[in-house]
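Let me begin by presenting the structure, written as structure tokens, before commenting on it.
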Amino acid sequence: MFRPLRIALVAAGAVAILAALGWIGHAWWESRLPGMYNVMAHGTLDRGGGPVGAHTAHEQGGQSVDSLREPATGRPDVRFTLTARHASVQLASGRTADVLTYDGRVPGPELRARQGDLVEVTLVNEDVDRGVTIHWHGVDVPNAEDGVAGVTQDAVRPGESYTYRFRAKQVGTFWYHTHQFSSKDVRRGLFGAFVIEPRGNQRSVYDRVVMVHSVGGRQAVNLADGVERRVVAPGTPVRLRIVNAENTPRQLAVGGAPFRLVAVDGTDLHEPGELSRTILELAAGGRYDLVLTMPDNPVELSVLHTDARLVLSRDGQAAGTTAPAQGRELDLLTYGTPTGTPFDAGSRFDRTFRLDVGRKFGFVDGRPGRQWTINGKVFPAMPVFFVRRGDLVKVTITNDSGAVHPMHLHGHHMLVLSRNGVPSSGSPWWSDTLNVKDGERYEVAFRADNPGLWMNHCHNLAHAAQGLTMHVAYEGASTPFTVGGRAGNRPE
Ligand code: C2O
Ligand code: CU
């Protein structure tokens, strides 16, 4: 009796299922990335309300990122060679780990230069099969020196070398790492610290990098997967340069002496106050410089929720358990005091962008899943922020993705204007790697004064590899390099 109706319903259901499968199949098919592509080929150009350029990156007459380099003439003031190779390293605990290294160690050698130095670094790849580069994280180098495989250079294959040259204009704590298969190979050991000292630095300061990372599955500070002990005489001024090479933020605490946080992401803070019983949360990829005066008792810097810590004492033997496990968390929005900045929230912005991080179901390169989105798009259809040299740019970053994202802009420093609508009221806070937590909204601004094609991505490098990455493109900038292709470039 009702048979015709039943047949009709079954047929309708089948059609719906087929349509859904067809849609999914199409989405899957469409999401597959070609074996070789230009990073400018897929994005959605976003002009941020500013004028359209005379030519865009897709058109002719532009400037190749390749040409945006420091002059090749001029004798370098400091010169380094870093050799990338496999190694087995012995950890302080006695365990061994198979790692990738610059110069046979993890972290790689600590490089130091003076402000104004012309720095020349030759990267030699001995045996890292899938290639290697060096990205100078936080250093606003000319674009061709930025070390991004497939964007500013080809990955350096085994047996090859590549030379970086740049003028060290900033002062502060930076780090370097590979930007080829970075989600895997930074974790495997291809990173190190890069410090630019001011001219006329007093040598009496105990100045030490504290690289927070994991090796062999264990939390480590520098070479110690546990406690690093150092001798420091009472009365010595101490500067600790903490670098978080991890994919997630780290909570840090200092015990045994009051301290000041004097620099964030390689930029000095203005009149930072004295702190104690305070927890510092450091973004993945971010840097904090702390200063204190060594007291008679031991001082401890601990990475909370792990065994890793640095203990300073007069005899280098102290056990050190003095760091508070809890306290109030420092808020950089109110720390220090204001001082003049080249622009501020009241400035007239040439371009205003939004960067909304979210999550939705979709396909990235044929992989189904809940994908990271920027302004609702999944990789590689992410926005490209189009700017002109000289533009004052404002970006509002929001995060509704359920996870924290340390957003890292290459080649520029962002001035934090506000968080969740509350204006910055402390020291000017310049960041290159901003920890944006779920539910937060930041307004930041930067001056577009470094032409080229710049990555802007999450420094949880696993997220970047899943597609949480986009670019800022200057008018006319184009790249001769491709992702994939012969060099096998894979920046993330
Ligand atoms: Cu520290 Cu694009 O990276
Ligand atoms: Cu992320």
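This one's a predicted model, so the numbers in the text were calculated from it and none came from an experiment. In listed order, ligands and their atoms are each counted from 1. Only heavy atoms go into these numbers, but all of them, side chains included; no hydrogens, no water, no symmetry mates.
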Near-ring test [Y]/[X], centroid separation under 6.0 angstrom:
X      : Y      : value
Tyr164 : Phe166 : no
His135 : Trp454 : no
His410 : His412 : no

Problem - Test: Arg130 cationic atom under 6.0 Å from Phe181 six-membered ring centre, within 45° of axis - result: yes
Problem - Leu333 vs Val416, side-chain contact (heavy atoms from CB on, under 4.5 Å): CA-CA, chis, key distance, verdict - result: CA-CA 8 Å; Leu333 204 65; Val416 175; 4.2 Å; yes
Practice task
Just give me the atom name: the N, O or S atom of His177 closest to atom 1 (Cu) of ligand 1.
Solution key: NE2
Handout entry: For atom 1 (Cu) of ligand 1: the N/O/S atom of His137 at shortest distance
Key = ND1
Completion exercise
For the Cu ion (ligand 2), the nearest N/O/S atom on His463 is atom ND1
Handout entry: Minimum-distance N/O/S atom that His405 presents toward the Cu ion (ligand 2)
Key = ND1
Is atom 2 (Cu) of ligand 1 under 2.8 Å from any N, O or S atom of [X]?
X      : result
His179 : yes
His457 : yes
His459 : no

Problem - Among His305, His213, Glu246, the one residue meeting side chain to side chain donor-acceptor pair (under 3.5 Å) with Gln219 - result: Glu246
Problem - the Cu ion (ligand 2) contact by His459, N, O or S atom under 2.8 Å - result: no
